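Along the sequence shown, the residues carry numbers beginning at 1. Keep in mind it's a predicted model, so treat the numbers as computed, not measured. Remember, it's 1-based here, ligands and their atoms both numbered in the order they're listed.
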Amino acid sequence: MYFCIMKIIIINGPNLNLLGKREPEIYGSQTFEEFFQTLKLKYTEVEISYFQSNIEGEIIDKLHQVGFDYDGIILNAAAYTHTSVGIGDAVKGIETPVVELHISNVHAREEFRHQSFIAPVAKGVLFGFGLKGYDLAIQSFL
Ligand code: DQA
């Protein structure tokens, strides 16, 4: 029997490579790599991959690369969420549905974090649930 496994990618933007060290009172003290292993073990029926970049163009390239093939994209574009017309246009231009995600409650923070170039073209938005948000985002695709 032919069985097609679901493919989901998590794309994390700038400074998220510092999770665990960076402002732990906001983002927690777990590294993303550590958390990612627990996600993979929890969802063995899903092929989950992970990409992180601090470079806007690399995030756009990755969206183009996976955006016609994968079943779901979980995108935490971090600070670029609030500034990048290019990432918003990339999300609009691809076929794979994108869930925008933020670890912190961006609406309880500075005003500039309330703006998103991704939200209007995303399937949905999750924020304020810590790393658990990535788990909830995977469930939204199942
Ligand atoms: C963030 C929120 C952004 O405003 C911020 O620039 C980040 C992380 C979050 O996950 O809460 O770097 O996307």
Side-chain angles (χ1 to χ4, degrees), residues 3-142:
F3 178 68
C4 189
I5 195 160
M6 183 176 234
K7 285 203 294 191
I8 294 177
I9 186 166
I10 295 169
I11 301 178
N12 275 347
N15 303 305
L16 293 172
N17 53 310
L18 293 183
L19 284 177
K21 290 189 208 142
R22 170 195 186 201
E23 300 175 89
E25 66 290 355
I26 297 177
Y27 300 111
S29 49
Q30 198 173 20
T31 68
F32 196 80
E33 286 71 16
E34 206 176 76
F35 173 74
F36 184 60
Q37 290 317 314
T38 63
L39 266 189
K40 284 184 75 107
L41 287 174
K42 182 168 177 188
Y43 296 101
T44 47
E45 76 279 22
V46 185
E47 190 183 308
I48 313 170
S49 44
Y50 169 54
F51 175 79
Q52 191 277 329
S53 176
N54 295 321
I55 300 165
E56 187 175 9
E58 286 186 359
I59 295 169
I60 294 172
D61 282 346
K62 183 53 80 176
L63 287 166
H64 294 176
Q65 221 176 74
V66 298
F68 296 89
D69 183 25
Y70 277 56
D71 301 294
I73 298 171
I74 300 165
L75 175 62
N76 185 348
Y80 288 143
T81 308
H82 319 301
T83 62
S84 178
V85 174
I87 292 179
D89 282 352
V91 170
K92 199 172 181 184
I94 60 177
E95 284 170 3
T96 302
V98 173
V99 168
E100 174 185 335
L101 181 141
H102 301 285
I103 296 164
S104 64
N105 179 351
V106 282
H107 285 274
R109 300 178 66 192
E110 304 93 323
E111 185 109 27
F112 66 85
R113 294 186 205 274
H114 303 179
Q115 153 92 347
S116 169
F117 285 100
I118 299 163
V121 287
K123 177 178 184 238
V125 184
L126 270 161
F127 56 87
F129 295 104
L131 291 180
K132 192 179 178 188
Y134 291 91
D135 191 331
L136 298 172
I138 289 172
Q139 288 179 42
S140 78
F141 287 115
L142 302 181

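- Comparing Arg113, His82, Glu23 by heavy-atom distance to atom 5 (C) of ligand 1, the nearest is Arg113.
- Considering backbone and side-chain atoms alike, Ala79 places an N or O below 3.5 Å from some N or O of ligand 1.
- Close N/O approach between Arg109 and ligand 1 is not found [any backbone or side-chain N/O within under 3.5 Å].
- The nearest protein atom to atom 11 (O) of ligand 1, hydrogens excluded, is given as Ser104 OG, 2.6 Å; this is a heavy-atom distance.
- For residues 57-82, the salt bridge (charged side-chain N to carboxylate O under 4.0 Å, His left out) pairs, not counting sequence neighbours, are Lys7-Asp69.
- Here the rule is side-chain contact (heavy atoms from CB on, under 4.5 Å) with Ile73, and of Ile8, Val99, Thr96 only Thr96 fits it.
- Nearest heavy-atom pair, Ile9 versus Tyr50, reported as atom, atom and distance to 0.1 Å: CG1-N, 4.4 Å.
- For Asn54 against Pro14, the heavy-atom pair with the smallest separation is OD1-CA, 3.2 Å.
- For the 3.5 Å distance criterion, the side chains of Thr81 and Glu100 fail to qualify, holding no donor opposite an acceptor.
- Aromatic pair Tyr134/Phe32: ring centres closer than 6.0 Å.
- A side-chain donor-acceptor contact under 3.5 Å links His114 to the backbone of Arg109.
- The closest approach between a heavy atom of Glu100 and any atom of ligand 1 is not below 4.0 Å.
- Of the protein's non-hydrogen atoms, His102 ND1, 3.7 Å is the one closest to atom 1 (C) of ligand 1.
- For atom 9 (C) of ligand 1, the nearest non-hydrogen atom from the set Ile103, Asn15, Leu75 comes from Ile103.
- At a heavy-atom cutoff of 4.0 Å, ligand 1 is contacted by the side chain of Val106 but not by its backbone.
- Closest heavy-atom contact between Gln52 and Leu16: NE2-N, 4.1 Å.
- At the shortest separation from atom 7 (C) of ligand 1 among protein heavy atoms lies Tyr27 OH, 3.5 Å.
- Residue Asn76 touches ligand 1 through its side chain alone, judged by heavy-atom distances below 4.0 Å.
- For atom 12 (O) of ligand 1, the closest non-hydrogen atom of the protein is Arg22 NH2, 3.0 Å.
- At a heavy-atom distance under 4.0 Å, no atom of Gln115 approaches ligand 1.
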